[in-house]
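For reference, the structure discussed in these notes is given below.
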Amino acid sequence: MTDAAALPGQPRGGVLSGPATARAVNVLAPNASAMTLDGTNTWIISEPGSDLAVVVDPGPLDDGHLRRVVATAEQAGKRVALTLLTHGHPDHAEGAARFAELTGTRVRALDPALRLGDEGLAAGDVITTGGLELRVVPTPGHTSDSLCFHLPADRAVLTGDTVLGCGTTVVAHPDGRLGDYLDSLRRLRSLTVDDGVHTVLPGHGPVLDDAQGVVEYYLAHRATRLAQVETAVEDGYRTPPAVVAHVYADVDRSLWPAAELSVRAQMDYLEEHGLI
């Protein structure tokens, strides 16, 4: 067994559901899989002493889970007043419309197709529900509509699928683009350096207590994979499936379809920069 402190980001052990910071509580969705790890993390965010809460990523369309989120907030004496989405993948957003029915809330997202209400989300927006301060950070790359939410009071950032609590994420080609993703990781690194963010509240997996460490790991990992893909193409592996079989030979084959999305994004990036 590896010491958790030695893993990228210093992931917390123990049960995933429950309080993570002074303002953030996780309700884990029952949709565990190879792609979603233990399941989707649905975050309830609220200012201590406030009776209003914001929910980030209601998760899949699972009525039991959605009702547990509402009940968890109510047991803490809080009413869900707003729903936010980090991006539109079904494991994060499919339950949003039903959750809005249960809570009577608006749903704010970058993608207009996911919104319920007149307000969307954009870079620089600040959410102030119930005295809470959540700052919208654009982080395209995993998908074009990916966002993170900076929680300054807890020196934390909610990352959706941009940074996971375990392993690395997929650049979901063709919507996701590697150049955008690398820029987003650098933006998150700036939060850790300039704004003192140290805690990652991810969309899947455990909370991470070394935000800068995990972002640096992600950047290094992407650089390594990109070099491996470039070398593979130079060695004659010309198609994405062939590159995956060569570069990801040590990865569980059930994850190869996801790996192929990232490889396609990496090959596009290399072509755009005249490297292959």
Does either side chain, that of [X] or that of [Y], offer a donor lying less than 3.5 Å from an acceptor on the other one?
| X | Y | result |
| --- | --- | --- |
| Asn26 | Asn41 | yes |
| Thr36 | Asp91 | no |
| Thr143 | Ser146 | yes |
| Ser144 | Asp175 | yes |
| Thr192 | His198 | no |

Notebook entry, point to check: Between atom CG of Leu188 and atom NE2 of His150, what is the distance when rounded to the nearest 0.5 Å?
Noted result: 10.5 Å
Checklist line | From CG (Leu66) to CG (Leu61), nearest 0.5 Å | finding: 6.5 Å
Checklist line | Side-chain touch Asp161/Leu164, heavy atoms, less than 4.5 angstrom | finding: yes
Check: Side chains of Val69 and Val55: closer than 4.5 Å at any heavy-atom pair?
Finding: yes
Notebook entry, point to check: Taking Tyr248 as the fixed residue, which of Glu260, Arg225, Gln228 is the one that meets the side chain to side chain contact (heavy atoms under 4.5 Å, CB included) rule?
Noted result: Arg225
Item checked: Sequence-distant partners of Ser17, side-chain hydrogen bond (donor to acceptor under 3.5 Å, both in side chains), two or more places apart -> none
Check: Is it the case that more than 12 heavy atoms not belonging to Arg222 sit under 6.0 Å from its CZ atom?
Finding: yes
